[in-house]
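Okay, structure first, notes after.
In this text the structure is predicted, and so the values were computed from the model without any measurement. Only this structure's heavy atoms are used, side chains among them; waters, hydrogens and symmetry mates stay out.
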Amino acid sequence: MGVLLGCATALAGTLYFLVAGTALGPFLLPPRTRPGAREVLMTGARRLAALERARRSAFFGDLFPARYRTSDPRLLRYLAVRCSTGLLCSVVLGLLAFGAVLAGLLLAGAVRGTLPWDELPTQVLLGGVLLFLDVQGLYSLAALDARTARACFGPSERELLQRRIDELAASRAAVVEAVDAERRRIERDLHDGVQQRLVALAMLIGRARRGRDPERTDALLLQAHEESRAVLTELREVAWRVYPSALDGLGLQEALGGVAERCGIPLRTRFEVGAPLPRPVETAAYFVVSESVTNAAKHSSASAIAVTVVLDGARLTVRVEDDGTGGADATGGGLTGLRSRVAALDGVLRVHSPHGGPTTITAELPCA
């Protein structure tokens with residue numbers, strides 16, 4: 001039905017350009033009247049293109065970008081090709097119908113005995129060759145129609161390739177920036193946290209060595225021991241933020257369990273992954289959860305956090321939701337780094353954080 005309708009629209013388009021070209025031809029040549037005449041011509045052309053787009057969507061299931069705008073030259077080229085292929089398709093369908101009539105007459109002649117039996121194999125062979133050529137012609141014209149429609153109503157292969165190159169370039173730059181930001185954060189954590197505690201530990205040990213009072217020395221050594229334990233805890237936290245070793249040995253579920261243990265807010269985790277995940281996907285999912293939980297604990301005044309990790313087919317969905325005050329800045333350094341990390345795997349990160357809450361961070365990561 002879609003093919004037959006395409007033949008009709010091709011005939012309508014051909015008639016439109018013949019009539020409009022004849023009527024508007026004298027006005028398209030002078031520079032003064034050319035813009036107005038061209039706009040009149042393009043108005044009808046855009047309606048024809050909209051009809052073709054609707055035909056492709058209704059009968060062939062084609063999906064085109066809703067806001068993609070086709071340039072006027074490309075639109076005219078498409079309609080020229082569409083009219084040509086549509087009329088040629090009409091000819092092929094006519095030949096196919098004519099062949100079907102001849103096949104019926106041949107069969108009737110063979111039944112009545114008016115057709116010599118020695119000529120029947122030749123006629124059947126010739127009819128089979130013509131049928132093959134007709135079907136092949138229809139297939140080629142249909143493929144050409146689909147290809148030209150995609151090139152007109154959606155990004156061309158060149159545009160898609162250029163868009164992909166731009167995305168990869170932006171993703172690479174964002175990853176480099178995120179790595180540099182992560183290094184600066186690690187340096188800040190070591191300098192402001194671990195280093196200061198080590199300095200305090202060294203001072204306590206020094207005071208204990210110089211002390212003359214045994215009780216005072218014991219108290220200083222006890223304080224130094226407590227400080228050393230705090231240093232180890234903070235150093236372990238920094239190491240987990242750099243890369244969780246549990247990912248290599250125990251997997252994503254156990255690593256997320258470590259996040260829940262270190263979180264000062266009640267955290268509920270739902271983990272529904274029934275197949276092994278690629279290592280980059282596991283790492284990205286872990287950091288999405290870890291960074292989101294850390295931000296919620298520090299800034300959102302949340303009383304509960306829910307983490308959901310679900311594998312649906314070839315896509316892993318990670319969702320972190322808290323009941324805090326909301327207002328998370330999607331352009332902040334932490335979330336920007338997460339978005340870059342997810343985009344490097346062709347994933348998508350969405351942040352929904354209205355003022356008053358709740359905050360929901362969703363990452364979708366392809367696993368294929």
Side-chain angles (χ1 to χ4, degrees), residues 177-269 271 282-283 285-307 320-329 332-338 341 357 359 361:
E177 183 178 352
V179 169
D180 291 339
E182 187 68 21
R183 288 174 176 171
R184 288 192 294 269
R185 188 177 72 169
I186 294 170
E187 190 277 335
R188 186 171 60 252
D189 291 342
L190 292 176
H191 181 273
D192 298 341
V194 177
Q195 180 175 321
Q196 298 299 324
R197 288 187 177 275
L198 288 175
V199 171
L201 177 61
M203 293 176 63
L204 288 172
I205 295 175
R207 290 172 60 189
R209 291 182 59 188
R210 293 190 300 269
R212 300 296 182 181
D213 185 0
E215 293 183 0
R216 177 65 175 169
T217 300
D218 289 342
L220 290 174
L221 289 176
L222 179 61
Q223 188 176 354
H225 180 256
E226 295 295 331
E227 189 68 23
S228 67
R229 294 177 61 183
V231 170
L232 287 175
T233 300
E234 188 160 348
L235 188 59
R236 190 178 298 112
E237 292 291 332
V238 173
W240 269 86
R241 286 196 293 270
V242 174
Y243 186 83
S245 58
L247 271 179
D248 293 332
L250 302 176
L252 178 60
Q253 187 172 9
E254 295 298 328
L256 295 182
V259 174
E261 291 176 0
R262 296 190 305 275
C263 182
I265 301 174
L267 190 151
R268 185 179 72 256
T269 303
F271 190 86
E282 281 191 334
T283 304
Y286 170 82
F287 280 107
V288 167
V289 174
S290 178
E291 184 72 23
S292 302
V293 169
T294 301
N295 289 341
K298 286 183 178 180
H299 308 297
S300 70
S301 302
S303 60
I305 303 175
V307 175
V320 181
E321 184 175 0
D322 65 69
D323 60 354
T325 57
D329 184 9
L335 291 177
T336 300
L338 287 182
R341 185 186 291 272
T359 296
I361 297 176

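- For the pair Thr294 (side chain) and Ser290 (backbone), a donor-acceptor distance under 3.5 Å is present.
- The OH atom of Tyr286 lies 8.0 Å from the CG atom of Leu256; values are rounded to the nearest 0.5 Å.
- Sorted by first and then second residue, the side-chain hydrogen bond (donor to acceptor under 3.5 Å, both in side chains) pairs with a member in residues 218-227 read Arg197-Glu227; sequence neighbours excluded.
- To the nearest 0.5 angstrom, Leu338 atom CG is 7.5 Å from Asn295 atom CG.
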Criterion side-chain contact (heavy atoms from CB on, under 4.5 Å) on Phe271 and Val307, from CA distance to verdict:
CA-CA 8 Å; Phe271 190 86; Val307 175; over 6 Å; no
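- Rounded to the nearest 0.5 angstrom, Thr217 OG1 and Arg210 CZ are separated by 11.0 Å.
- You'll find the side chain of Thr283 reaches within 4.5 Å of the side chain of Arg341, heavy atoms only.
- Shortest non-hydrogen contact noted between Ala304 and Ile265 is N-CG2, 3.6 Å.
- In terms of the side-chain contact (heavy atoms from CB on, under 4.5 Å) criterion, residue partners of Ala296 (sequence neighbours excluded) are, by chain and number, Ser300, Ile305, Asp322.
- Taking both residues in full, the closest heavy atoms of Thr325 and Ser301 are given as CG2-CB, 4.3 Å, listed atom of the first, atom of the second, then distance.
- With sequence neighbours excluded, the residues that form a side-chain contact (heavy atoms from CB on, under 4.5 Å) with Ala224 are Leu201, Leu204, Ile205.
- Taken from OG1 in Thr269 to CD in Gln253, the straight-line distance is 9.0 Å, to the nearest 0.5 Å.
- Take Glu282 and apply the salt bridge (Lys or Arg N to Asp or Glu O under 4.0 Å) test, not counting sequence neighbours, and it matches Arg279.
- Of all heavy-atom pairs spanning Pro266 and Ser303, the tightest one is CD-O, 3.5 Å.
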